Amino acid sequence: MADYNKMNVDQLIKASLELKIKMAKLRDERKLIIEHIKKCNIEYNVDQVLSRFDSNEREVLRQKVTTVTPGPAILKAEGG
Amino acid sequence: MAASAWAFTNGGRTCLLDGTFDIDTDTYKMALFLSSSNLGASSTTFAGLTNEHAGANGYTGGGASVTLTLSGTTTVTVDISSDPTWTASGGSIVARFAVIYEVGGKIVCYCTLDSAPADVTVTTGNILTVAAHASGVFTLA
């Protein structure tokens, strides 16, 4: 951890902004982790898994995604 | 649960070939319909379809906007740029069919969400995604 006692105001503001950027990146990484957990398509054990996430993240984890993927129709150019 | 392939309406093919549908320029939407809908191969316009999913529970009447794209040369593929999703809220989304149509115009194609055939039900808080197939919505080869 940086020694904030030795920093002037400009340095402290800069350090604060840098941390803010790092926090945003970490939040994005947590979102990616959650999306990957969801893709594993398992039943989550509330105590063991969900308790490790905050309330918003738990909501996302509980959300089930039903994906239907209709196959393609084909237009044929025949002959030639 | 497996969806059927996209199927053209009888008039949809003609509209593709006579230029009625400008695939990568016109505005299209994907809408959900109930099992009781009159949707079928002989359907023509979106306005003529009955029993769209009610505008409730996270679904908006008329459906979701979709952007169709064209790619390829010897095989031209029409694809959806971003898969439409609906998050059920305040009740379930229950639908049998999905339809892609030109806004203010005719139906391009449709599919049965569960080819059994059966309804697809998404309960409150959960998401329904009608995903584009790896080979797109349709191809001309």
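Proteins come first, then strands; the chains are lettered A, B, ... in the order of their sequence lines, and each starts at number 1. This one's a predicted model, so the numbers in the text were calculated from it and none came from an experiment.
C109(B) does not touch chain A: none of its heavy atoms, backbone or side chain, sits under 4.5 Å away. Heavy atoms closer than 4.5 Å to chain A are found in the backbone of S4(B), but not in its side chain. When heavy atoms are compared at a cutoff of 4.5 Å, A132(B) approaches chain A solely by way of its backbone atoms N, CA, C and O. Contacts between L17(B) and chain A at a heavy-atom distance below 4.5 Å are absent for every atom of the residue.
Counting heavy atoms from C-beta outward, V137(B) and P72(A) have side chains that stay 4.5 Å or more apart. Counting heavy atoms from C-beta on, the side chains of V68(A) and V120(B) come closer than 4.5 Å.
Counting all heavy atoms, side chain and backbone alike, T87(B) lies closest to Q63(A) at CG2-NE2, 3.9 Å. Considering every non-hydrogen atom in both R13(B) and L75(A), the closest pair reads CG-CD2, 4.3 Å. Pairing each heavy atom of C111(B) with each of P70(A), the nearest pair is SG-CG, 3.4 Å.
Hydrophobic clustering of Ile, Leu, Val, Met, Phe, Trp and Tyr side chains at less than 4.5 Å, counting indirect connections, keeps Y110(B) apart from Y28(B). Transitive grouping of hydrophobic side chains (ILVMFWY, heavy atoms separated by less than 4.5 Å) keeps V94(B) and V130(B) in distinct clusters. Both I100(B) and L16(B) belong to a common hydrophobic cluster when Ile, Leu, Val, Met, Phe, Trp and Tyr are linked at side-chain heavy-atom distances under 4.5 angstrom. Hydrophobic cluster membership is shared by F21(B) and M30(B), with clusters built from Ile, Leu, Val, Met, Phe, Trp and Tyr side chains linked at under 4.5 angstrom. The hydrophobic clustering, which links ILVMFWY residues whose side-chain heavy atoms are closer than 4.5 Å, places V60(A) and V65(A) apart.
Here the options are N126(B), V122(B), I127(B), T129(B), the test is side chain to side chain contact (heavy atoms under 4.5 Å, CB included), and the partner is T66(A); only V122(B) passes.
Distance check, rounded to the nearest 0.5 Å: CZ of F8(B) to CD1 of I74(A) gives 8.5 Å.
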